[in-house]
J.: 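Here you go, one structure.
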Amino acid sequence: MSPVSQDSFPLTGRYAERNRSENLAGPGDSRPTGLQVIEDEGLLDGSWGADKVCLVTGVSAGIGPETVRALAATGATVYGTARDLDKARAALGQELLATGRVHVLLMDQVDLASVRSCAAEFRKHSNRLNVMVNNAAVRNSFLPLAPLAPIFYFSKIRSFLFNPRICLPITILESMKTNGRGIQVMNTPQSYTKDGFELQFGTNHLSHFLLFHELRDLLLASSTPDFHSRVVNVSSAAHKYSPLDLDDVNFTASPSTRPYDGWAAYGASKTANIYMTTQIERLFGGGHGSSGENGQQHEKKIHGYAVHPGSFVSPNLQKHSAAEMAAAHADPRFRKIFADVQQGCATSVYAAVSAALEGRGGLYLEGCSEAGPSPSGDGMENAVDYGHGNWAFDEALEKRLWERSLEWVGAAADHDVTSGTHQ
């Protein structure tokens with residue numbers, strides 16, 4: 001997001017104006033927290049959540065625990081996943097766990113077998129699921145500063161530094177490492193999941209795709225006329241870093257012309273998050289007939305939302321980039337961009353509960369607002385600006401990713417679990 005409001009401001013909604021650059025003041029400013037969203041929606045009396053079940057992945061650090069905390073404030077039963085249960089319980093806190101409505105399930109998202117086991121375990125505890133928040137992600141150690149990533153590429157530095165809207169303290173440049181190709185934070189070696197997929201794509205997209213596939217019948221069955229089930233995929237402005245190459249998700253097809261780049265891989269995984277969201281809306285958002293009480297028919301629907309949580313301050317996530325964080329915070333123009341984790345979870349919470357979104361999905365959200373196209377377009381140098389990238393919505397690629405993902409996770413062709421077959 002730019003330190004100066006764009007001429008064409010792409011955010012709309014009740015919170016949009018709070019995101020204008022002139023209204024930003026750093027952590028604790030007027031941007032809402034997750035709990036503020038719950039309060040503004042009138043959900044603190046517990047009636048909304050009394051019959052709701054939510055599932056949030058990645059609840060051991062960052063915005064995951066705060067997302068659980070906000071959703072639990074509605075009275076909902078909330079399940080959180082983590083690969084380290086003790087760490088997750090410590091992050092959530094005993095007071096929250098003692099309510100009896102917050103539970104933690106084991107899931108290691110670098111292992112698809114673990115995802116299947118988690119889905120099976122969830123079914124043992126609940127036959128309902130109203131909201132799924134796919135929050136967990138793996139990332140480069142500097143990715144909490146992702147909106148500042150244009151400086152990682154030397155070819156972009158000149159235009160970046162002399163852009164009057166984006167002037168970076170030289171101390172950030174001095175704190176980074178070089179590798180012969182330009183300026184980068186680190187030379188992250190290519191890593192793979194247990195199933196052989198590039199680590200960020202496999203974890204950020206495929207594990208969540210499989211989790212949804214394993215539990216989609218519960219989401220459909222739990223949909224009601226008053227509240228259609230929802231899937232919230234935590235994407236990122238980093239989707240503008242790179243489109244998704246479905247013929248080379250592992251960056252191995254042509255190492256000489258397309259060498260592995262951790263930032264491009266992360267961006268591609270976040271693009272995949274948006275594609276999955278839109279395809280959920282296409283397949284499940286149109287409604288599927290089902291008999292309700294007294295034999296009346298109502299539509300069973302699942303709506304999808306992709307969210308960018310913004311740049312938030314999290315000591316745990318930023319423990320490997322202390323120098324870069326200190327440099328960024330030394331400049332007041334960048335210091336005001338950051339939010340705290342309570343604010344960082346707000347867009348996920350908004351997507352999960354907002355009445356303004358009921359009955360429609362396939363949206364890209366940021367700043368607790370609906371976001372249109374970024375006026376400045378794609379690329380790392382434009383990641384600081386609001387709005388989604390030009391390649392964020394592509395029907396052909398969305399459908400193709402869905403079909404390939406079914407193959408990659410070893411799932412059968414996707415079926416409407418209530419009546420018929422999806423195409």
Side-chain angles (χ1 to χ4, degrees), residues 1-42 62-63 66-67 70 144-150 160 163-169 172 232 234-240 305-314 317-318 325-357 363-377 381-389:
M1 59 192 72
S2 170
V4 177
S5 287
Q6 298 152 262
D7 293 335
S8 179
F9 191 61
L11 304 188
T12 59
R14 69 190 298 180
Y15 301 111
E17 290 300 309
R18 302 190 191 191
N19 293 282
R20 288 189 178 273
S21 295
E22 54 268 30
N23 295 328
L24 301 181
D29 61 13
S30 67
R31 289 171 290 180
T33 64
L35 283 173
Q36 184 65 56
V37 170
I38 297 300
E39 181 177 356
D40 290 347
E41 294 287 331
I63 62 175
E66 298 305 322
T67 303
L145 289 184
L148 308 185
F160 186 77
N163 184 331
R165 295 183 297 108
I166 311 170
C167 187
L168 192 72
I172 294 184
V232 180
V234 179
S235 180
S236 170
H239 76 273
K240 300 175 194 176
Y305 309 91
V307 308
H308 168 50
S311 300
F312 55 88
V313 177
S314 173
L317 290 178
Q318 293 151 0
M325 285 297 297
H329 281 281
D331 189 295
R333 293 165 295 181
F334 282 89
R335 189 164 59 239
K336 71 177 187 176
I337 290 175
F338 291 98
D340 56 34
V341 289
Q342 291 79 20
Q343 293 170 307
C345 77
T347 305
S348 296
V349 174
Y350 179 79
V353 306
S354 173
L357 300 178
L363 302 173
Y364 179 77
L365 309 174
E366 62 179 313
C368 295
S369 307
E370 295 180 40
S374 172
S376 53
E381 69 275 20
N382 296 318
V384 293
D385 288 329
Y386 289 115
H388 61 73

J.: What is the distance from atom OG of Ser369 to atom CZ of Phe9, rounded to the nearest 0.5 Å?
T.: 7.0 Å

J.: Quick one: does Asn19's side chain get under 4.5 Å of Arg31's, heavy atoms only?
T.: yes

J.: Can you confirm whether Pro373 sits close enough to His388 that some side-chain heavy atom of one is under 4.5 Å from a side-chain heavy atom of the other?
T.: yes

J.: Give the minimum heavy-atom separation between Ala70 and Val349, together with the two atoms involved.
T.: CB-CG2, 3.7 Å

J.: Quick check: does any side chain N or O of Thr33 sit under 3.5 Å from a backbone N or O of Gln343, one acting as donor and the other as acceptor?
T.: no

J.: Can you find a heavy atom in the side chain of Leu357 that is under 4.5 Å from one in the side chain of Leu365?
T.: yes

J.: Between CG of Asn23 and CG of Asp29, what distance do you get to the nearest 0.5 Å?
T.: 9.0 Å

J.: Please check this pair: side chain of Gln342 against backbone of Gly34, looking for a donor-acceptor N/O pair closer than 3.5 Å.
T.: no

J.: Are the side chains of Leu35 and Glu66 in contact, using a 4.5 Å heavy-atom criterion?
T.: no

J.: Please examine the side chains of Pro375 and Asp385, heavy atoms only from C-beta on, and report whether any two atoms are closer than 4.5 Å.
T.: no

J.: How close do Pro309 and Ser235 get, heavy atom to heavy atom, and via which atoms?
T.: CD-O, 3.8 Å

J.: Which heavy atom in Pro32 sits nearest to a heavy atom in Ala346, and how many Å separate them?
T.: O-CB, 3.3 Å

J.: Write down the atom of Val232, the atom of Ala352, and the distance for their closest heavy-atom approach.
T.: CG2-N, 4.0 Å

J.: Could you tell me whether the side chain of Lys240 and the main chain of Gly387 form a donor-acceptor pair under 3.5 Å?
T.: yes

J.: Which donor-acceptor pairs under 3.5 Å do side chains of residues 11-18 form with protein atoms, sequence neighbours excluded?
T.:
| residue | atom | partner | partner atom | Å |
| --- | --- | --- | --- | --- |
| Tyr15 | OH | Asp40 | OD2 | 2.6 |
| Glu17 | OE1 | Arg20 | NE | 2.9 |
| Glu17 | OE2 | Arg20 | NE | 3.2 |
| Arg18 | NH1 | Ser30 | O | 2.8 |

J.: Grab the two heavy atoms, one from Pro10 and one from Ser8, that are nearest each other, plus how far apart they are.
T.: CD-O, 3.3 Å

J.: Taking atom CG of Asp340 and atom SG of Cys345, what is their separation to the nearest 0.5 Å?
T.: 9.0 Å

J.: How many angstroms lie between CD in Glu41 and OH in Tyr350, if you round to the nearest 0.5 Å?
T.: 7.0 Å

J.: Are the side chain of Glu366 and the backbone of Thr347 linked by a donor-acceptor contact shorter than 3.5 Å?
T.: no

